[in-house]
Protein chains: 2
Amino acid sequence: MSLGKKLRVTKQRQVLLDELRKVCTHPTADELYQMARKRLPRISLGTVYRNLELMAENGMIQKLEVGGTQKRFDGNVAPHSHVRCLKCGRVDDLALSLDLDMEELARQQTGYAIVRHSVEFCGFCPACR
Amino acid sequence: MSLGKKLRVTKQRQVLLDELRKVCTHPTADELYQMARKRLPRISLGTVYRNLELMAENGMIQKLEVGGTQKRFDGNVAPHSHVRCLKCGRVDDLALSLDLDMEELARQQTGYAIVRHSVEFCGFCPACR
DNA sequence: GTGTCTGCAAACCATTTGCATCGGT
DNA sequence: ACCGATGCAAATGGTTTGCAGACAC
């Protein structure tokens, strides 16, 4: 979550951040593009990708480390787990996080300097099973 | 891990499975392609992808649900966690698995029918930090 | 005014797929 | 002989990038 350089406040950036924080789903870049387009019809997909990347680097949003073909983004930067539906791909939150010293255990076992971790459950959501 | 239909025993399949079980790294499809090519120079990348997919469906190998741009495969089907280097992308094993009733907890909280889970730690490996 | 950001389009890269042929059973 | 599996090449789909003009500071 190391805060990077200061970003300029552009309409595009504001709208993307706002839309992302507004929803409880975990939209893909393309979904965010569709959402933002309703307010900024001329925004481009490239801008969406660039901003999501920059905002994630700055710790303003989270880029999810989940499976599936597309990356997903989360306006909630607090550590939490996710459940992903193997059929429809939706991702939901889960109020569960590993014990704080799990990362310490991982460091001891592997020699890695651990930055973060993620727990992902996979299964079928109520609508799909 | 629901075992699918029976697969024919082809040279390509045997070599891929053998190579994957031989290593402790978690190769990408392309890495496996390079490894297999030393023994089967005419094997195609499409065949590699098709077989990895089929063998994963049959529970013979594991397709890892980790971050990064490329999918990775694991010859070890026992449940375990992974550590991924944010710089070089290598993935190592971690002898750590969640409490058995974590999945039950996830089911209660979300209503999903949980099939599996994965824990991924991210950081910098000894060579990269 | 300067340096960042944007829209657009082309480029990229991992993965998938169609098809004619090959080979395991 | 049948039908799944293969090699090849083209197609796909998500993401990235180069560039010229626009905009935040």
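So you know, we letter chains A, B, ... as the sequences are listed, proteins then strands, and number each from 1. Predicted model only: the values in this text are computed from it and were never measured.
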> Taking CG from A:L45 and P from D:dG18, how many angstroms apart are they, rounded to a whole number?
Replying inline: 17 Å
> Quick one: B:K6 NZ to D:dG4 C1', roughly how many Å, whole number?
Replying inline: 12 Å
>> Tell me the interatomic distance from B:Q70, atom CD, to C:dC12, atom P, rounded to whole angstroms.
In response: 17 Å
> Does A:T10 make a side-chain N or O approach to OP1 or OP2 of C:dT4 shorter than 4.0 Å?
Replying inline: no
> Rounded to whole angstrom units, what separation is found between the CG atom of A:L64 and the P atom of D:dG14?
Replying inline: 17 Å
>> Could you tell me how far apart B:R72 (CZ) and C:dT15 (P) are, to the nearest whole angstrom?
In response: 10 Å
>> For the residue pair A:H117 / B:E120, report whether a side-chain donor-acceptor contact shorter than 3.5 Å exists.
In response: no
> Mapping B:K63 and A:L40 to their closest nucleotides on DNA chain C, which lands nearer the 5' end?
Replying inline: A:L40
>> Without decimals, in angstroms, what is the distance between A:I43 CD1 and D:dC23 C1'?
In response: 15 Å
>> Using the side-chain heavy atoms of B:R50, tell me which of these nucleotides is nearest: D:dA24, D:dT6, D:dG14.
In response: D:dT6
> Choosing from D:dC8, C:dT6, D:dT15, which nucleotide comes nearest the side chain of B:S44?
Replying inline: D:dC8
> Are any non-hydrogen side-chain atoms of B:L54 and B:E57 less than 4.5 angstrom apart?
Replying inline: yes
>> With a cut-off of less than 4.0 Å, is there a side-chain N or O of B:Q12 near OP1 or OP2 of C:dG23?
In response: no
>> Regarding B:D30, tell me which of base, sugar-phosphate or nothing describes its non-hydrogen contacts under 4.0 Å with the strands shown.
In response: nothing
>> Between P on C:dG24 and CD on B:Q14, what's the gap in Å once rounded to a whole number?
In response: 9 Å
> Rounded to whole angstroms, how far apart are CE on B:M55 and P on D:dA5?
Replying inline: 12 Å
> When you match B:L7 and B:T28 each to their closest nucleotide on DNA chain C, which lands nearer the 5' end?
Replying inline: B:T28
> Among side-chain atoms of B:H82 and B:D74, is any donor-acceptor pair under 3.5 angstrom?
Replying inline: yes
> Looking at C:dC5, D:dT16, C:dG7, which one has an atom nearest to any side-chain atom of A:Y49?
Replying inline: D:dT16
> Counting any heavy atom closer than 4.0 Å, what does A:R8 reach on the DNA or RNA strands: base, sugar-phosphate only, or nothing?
Replying inline: base
> Short question: side chain of B:N51, backbone of B:T47 - any donor-acceptor pair under 3.5 Å?
Replying inline: yes
>> Whether the side chain of B:R72 engages the backbone of B:H26 through a donor-acceptor N/O pair (distance < 3.5 Å, no angle test) should be reported.
In response: yes
